Amino acid sequence: MKATIYHNPRCSKSREALAILNGTPGLEVEVVEYLKTPPSRETLKDLYARAGMTAREGLRIAEDAAKPLKGADDDSILDAMATNPILIERPLVVTEKGVRLGRPPEKIREIL
């Protein structure tokens, strides 16, 4: 099986999720450092739909850049994330079984 993680190496939760993936026997892991290679707006929209979550639920609200998005709709949030990927909550993990936001990191076990 293959897993893709949208990863920020400076984030402890993202590092924990990557450790879970790397510790899973037989799993091929693709690491996408999303700050260097941001997913497109369309990719984000698809990932959130597959995860059963809204763009707002995928918004990293701790960032100062998220404050102006307080009352924004999902389309505006997706636009902002595509322009400023620091707004994407991490880590997002994708396998053939689905997509999970690794908060807490153990959540990704649901799709392994």
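Remember, predicted model here, so these are calculated numbers, not experimental data.
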### Message
Donor-acceptor check, side chain of Arg15 to backbone of Pro9, threshold 3.5 angstrom: yes or no?
### Response
yes
### Message
Under a 3.5 Å distance rule, please check whether Thr95 uses its side chain to pair with a backbone N or O of Ile111 as donor and acceptor.
### Response
yes
Can you tell me how far [atom2] of [Y] sits from [atom1] of [X], rounded to the nearest 0.5 angstrom?
X	Y	atom1	atom2	answer
Lys36	His7	NZ	NE2	9.5 Å
Glu110	Arg100	CD	CZ	4.5 Å
Lys45	Ser40	NZ	OG	11.5 Å
Arg10	Glu33	CZ	CD	11.5 Å
Leu92	Leu44	CG	CG	7.5 Å

Any side-chain heavy atom of [X] sitting closer than 4.5 Å to one from [Y]?
X	Y	answer
Tyr6	Leu47	yes
Glu57	Glu89	no
Glu28	Met1	no
Leu21	Ile5	yes
Tyr48	Leu78	yes
Met81	Arg41	no
Arg90	Ser14	yes
Leu112	Lys97	no

### Task
Please report the shortest heavy-atom distance between Arg56 and Gly71, naming the atom on each side.
NH2-C, 3.9 Å
### Taking every non-hydrogen atom, the tightest pair across Ala65 and Asn84
CB-ND2, 3.5 Å
### Task
Determine whether Ile20 and Val29 fall in the same hydrophobic cluster, where Ile, Leu, Val, Met, Phe, Trp and Tyr are linked whenever their side-chain heavy atoms lie under 4.5 Å apart.
yes
### Message
Do Val32 and Leu35 land in one hydrophobic cluster if side-chain heavy atoms of ILVMFWY residues count as linked below 4.5 Å?
### Response
yes
### Query
Lys70: what forms a side-chain hydrogen bond (donor to acceptor under 3.5 Å, both in side chains) with it, not counting sequence neighbours?
none
#### Entry: With sequence neighbours excluded, residues passing side-chain hydrogen bond (donor to acceptor under 3.5 Å, both in side chains) with Asn22
none
### Side-chain donor-acceptor contact under 3.5 Å, Ser76 with Asp73
yes
### Ion pair Lys2/Glu96, N-O distance below 4.0 Å
no
### Task
Would you mind checking if Glu63 and Arg60 are paired as a salt bridge, meaning a charged N to carboxylate O distance below 4.0 Å?
yes
### Message
One pair to check against side chain to side chain contact (heavy atoms under 4.5 Å, CB included): Leu59 and Leu69. What are the steps and the verdict?
### Response
CA-CA 9 Å; Leu59 178 64; Leu69 299 169; 4.0 Å; yes
### Message
Atom NZ of residue position Lys67 - does it have more than 12 heavy atoms of other residues, nucleotides or ligands inside 6.0 Å?
### Response
yes
### Message
Counting neighbours of CG on Leu27 that are heavy atoms of other residues, nucleotides or ligands and sit closer than 6.0 Å, is the number greater than 12?
### Response
yes
### Task
Give the intermediate values and the outcome of side chain to side chain contact (heavy atoms under 4.5 Å, CB included) for residues Val93 and Val99.
CA-CA 6 Å; Val93 176; Val99 178; over 6 Å; no
### Summary
Tested for side-chain contact (heavy atoms from CB on, under 4.5 Å) against Pro85, the lone hit among Thr83, Ile88, Leu87 is Ile88
